[in-house]
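Here the structure is laid out as structure tokens; the discussion comes afterwards.
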Amino acid sequence: MTNWLSVTAIQPMTIMSKTMGPDSKIYVAGHRGLVGSALVRKLTGAGYTNIITRTSKELDLRRQGEVEAFFDKEKPEYVFLAAAKVGGILANSTYKAEFIYDNIMIASNVIHSAYNFGVKKLLNLGSSCIYPKHAPQPMKEEYLLSGALEPTNEPYAIAKIAAIKLCHYYNEQYGTNFISVMPTNLYGPCDNFDLETSHVLPALIRKFHDARAQGIPSVTIWGSGSPYREFLYVDDLADACIFLMEGYGHHEIGEFINIGTGSDIRIKDLAVMIKGIVGYKDEIEYDRSKPDGTPKKLLDVSRIGKLGWKAGTRLEDGIRSTYEFYRSVAL
Ligand code: GFB
């Protein structure tokens, strides 16, 4: 259990520099995931040489003692919090206890240790599912907590909202510089292609690929196909995160900032696009017993646009390179 007196006795460290340098000690939490692996690729490519990582076997971020011992030993200067229990609509609605517990524990332990051990800046990754199910579109940052959440991902969303608030209140009370970013639905290399737990885009790549390879006469899409989703290529997200980490603090960003492309697509149109890229010629069917989830969740990206960032990868190009990745690991 946390010792309240020892926590309050620690003074916040003075923030000496707001910019990461090539030798800065950077901890990427969740480096094997979709986002974390893209961050490591991008940081390495940009010349950062002192990146530290731990697998979940080496460091269980749900365990406070392990996280505190790690921060005490390594004393990272910058932290990208990309570790999370994530999954698609079915995984979110099946493993509700794990989605809320694991994500709250990971966020609490990492953010609190970042404060305790004087991290200069932390970037916390959330998700566009934090917004109310029926939020006006496109969704502006100020719509947070203005209505009920989408039930299929409420546990995950609650944990992600808690993480935003942790960063916000530590900044307010202790003068830390913890920023939060809310990306839209992500996809790219190193995604999860497991049909039960993945998100729609990697699932459809796999379904069409397997159907073509095995001569299956139809591919089944979950739900009605009518919801809209916005898809951001993960390398673009990594680019935005480094852009913000290098140049902007929480005073400029606000409580959190959206990261997306600014446009969305119907699931049924996405399916047709992926079908074309994979080269599958047969039928598409719909399994309406599966949930649709929220009808639309398009982010308003004007705040990050005003800072000078926009996504660079066209959806079709991103899907092609994700498909190439899938073929390299699946064949
Ligand atoms: O990507 P997805 O699982 O997550 O589903 P959400 C998006 C839409 O695609 C839903 C449909 O309407 C699904 O019913 N869909 C069609 C499929 N075929 C498939 C399929 O084969 N697999 C999957 N997975 N979906 C998640 C949240 O919501 O979005 C998370 O549960 C997180 O918390 C994540 O926020 C970004 O967009 O509905």
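A quick note: this is a predicted structure, and the numbers were derived from the prediction, not measured. Each residue takes its place number in the sequence, starting with 1. Counting starts at 1 for both ligands and their atoms, following the listed order.
- With hydrogens left out, the protein atom closest to atom 37 (O) of ligand 1 is Arg229 NE, 2.6 Å, a heavy atom.
- The N/O atoms of Ile89, backbone and side chain alike, include one that comes under 3.5 Å of an N/O atom in ligand 1.
- In summary, the atoms of ligand 1 found under 4.0 Å from a heavy atom of Ser127, numbered by their order in the structure, are 32 (C), 35 (O).
- Under the 3.5 Å distance criterion, the side-chain polar atoms of Glu230 are matched with a main-chain donor or acceptor of Thr261.
- The Ser198 neighbourhood of ligand 1 comprises atoms 24 (N), with distances under 4.0 Å to a heavy atom of that residue.
- Closest heavy-atom approach to atom 28 (O) of ligand 1 among the candidates Glu150, His199, Lys297: Lys297.
- Considering both main-chain and side-chain atoms, Thr152 never comes within under 3.5 Å of ligand 1 through any nitrogen or oxygen pair.
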Inset, instruction - Please lay out, stage by stage, how Tyr286 and Ser224 fare under the test side chain to side chain contact (heavy atoms under 4.5 Å, CB included). - result: CA-CA 6 Å; Tyr286 293 91; Ser224 64; 5.9 Å; no
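- Heavy-atom contacts of Lys207 reach the following atoms of ligand 1: 20 (C), 21 (O) (cutoff under 4.0 Å).
- In plain terms, the two heavy atoms of Asn92 and Gly87 that are nearest each other are ND2-O, 2.7 Å.
- If you check which protein heavy atom lies closest to atom 36 (C) of ligand 1, you get Asn185 OD1, 3.4 Å.
- Note on Lys140 versus Glu142: no salt bridge recorded, every NZ/NE/NH1/NH2 to OD/OE distance being 4.0 Å or above.
- For Arg327 and Tyr323, the positive end sits near the middle of the six-membered ring, less than 6.0 Å away and at most 45° from its axis.
- Heavy-atom proximity to atom 13 (C) of ligand 1, evaluated over Gly223, Pro291, Pro227, is greatest for Pro291.
- Relative to atom 8 (C) of ligand 1, the option among Ile267, Asn103, Leu270 with the closest non-hydrogen atom is Ile267.
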Inset, instruction - Check the pair His112, Tyr170 against side-chain hydrogen bond (donor to acceptor under 3.5 Å, both in side chains), reporting the backbone distance first and the verdict last. - result: CA-CA 8 Å; His112 184 66; Tyr170 276 68; 2.7 Å; yes
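- The distance criterion of under 3.5 Å between nitrogen or oxygen atoms is not met by Thr220 with respect to ligand 1.
- Cation-pi contact between Lys121 and Tyr78: absent, since separation from the ring centre below 6.0 Å together with deviation from the ring axis within 45° is not met.
- In terms of protein heavy-atom proximity, atom 27 (C) of ligand 1 is nearest to Asn153 ND2, 3.3 Å.
- Of all atoms in ligand 1, numbered sequentially from 1 with element shown, those under 4.0 Å from a heavy atom of Cys129 are 33 (O), 35 (O).
- Atom 17 (C) of ligand 1 has Val200 CG2, 3.4 Å as its closest protein atom, hydrogens excluded (heavy atom only).
- Annotation for ligand 1: atoms under 4.0 Å from non-hydrogen atoms of Asn92 are 27 (C), 30 (C), 31 (O), 33 (O).
- Between Lys75 and Asp72 there is a salt bridge, with a side-chain nitrogen of the basic residue lying less than 4.0 Å from a carboxylate oxygen of the acidic one.
- Every atom of ligand 1 with a heavy atom of Ala203 under 4.0 Å away is listed here by number and element: 20 (C), 21 (O), 22 (N).
- The nearest protein atom to atom 12 (O) of ligand 1, hydrogens excluded, is given as Asp292 O, 2.6 Å; this is a heavy-atom distance.
- Cation-pi contact between Lys296 and Tyr228: present, with separation from the ring centre below 6.0 Å and deviation from the ring axis of at most 45°.
- Contact atoms of ligand 1 toward Ile221: 16 (C), 18 (N) (distance under 4.0 Å to a heavy atom of the residue).
- Among Phe231, Trp222, Tyr156, Tyr131, the residue whose heavy atom lies nearest to atom 20 (C) of ligand 1 is Trp222.
- A salt bridge links Glu255 with Lys165; the closest basic N to acidic carboxylate O contact falls under 4.0 Å.
- Checked for salt-bridge contact, Glu150 and Lys297 miss the test: no charged N lies under 4.0 Å from a carboxylate O.
- Residues Leu166 and Ser108 form a side-chain contact, since some pair of their non-hydrogen atoms from C-beta on lies under 4.5 Å apart.
- A heavy-atom separation below 4.0 Å is not found between Lys290 and ligand 1.
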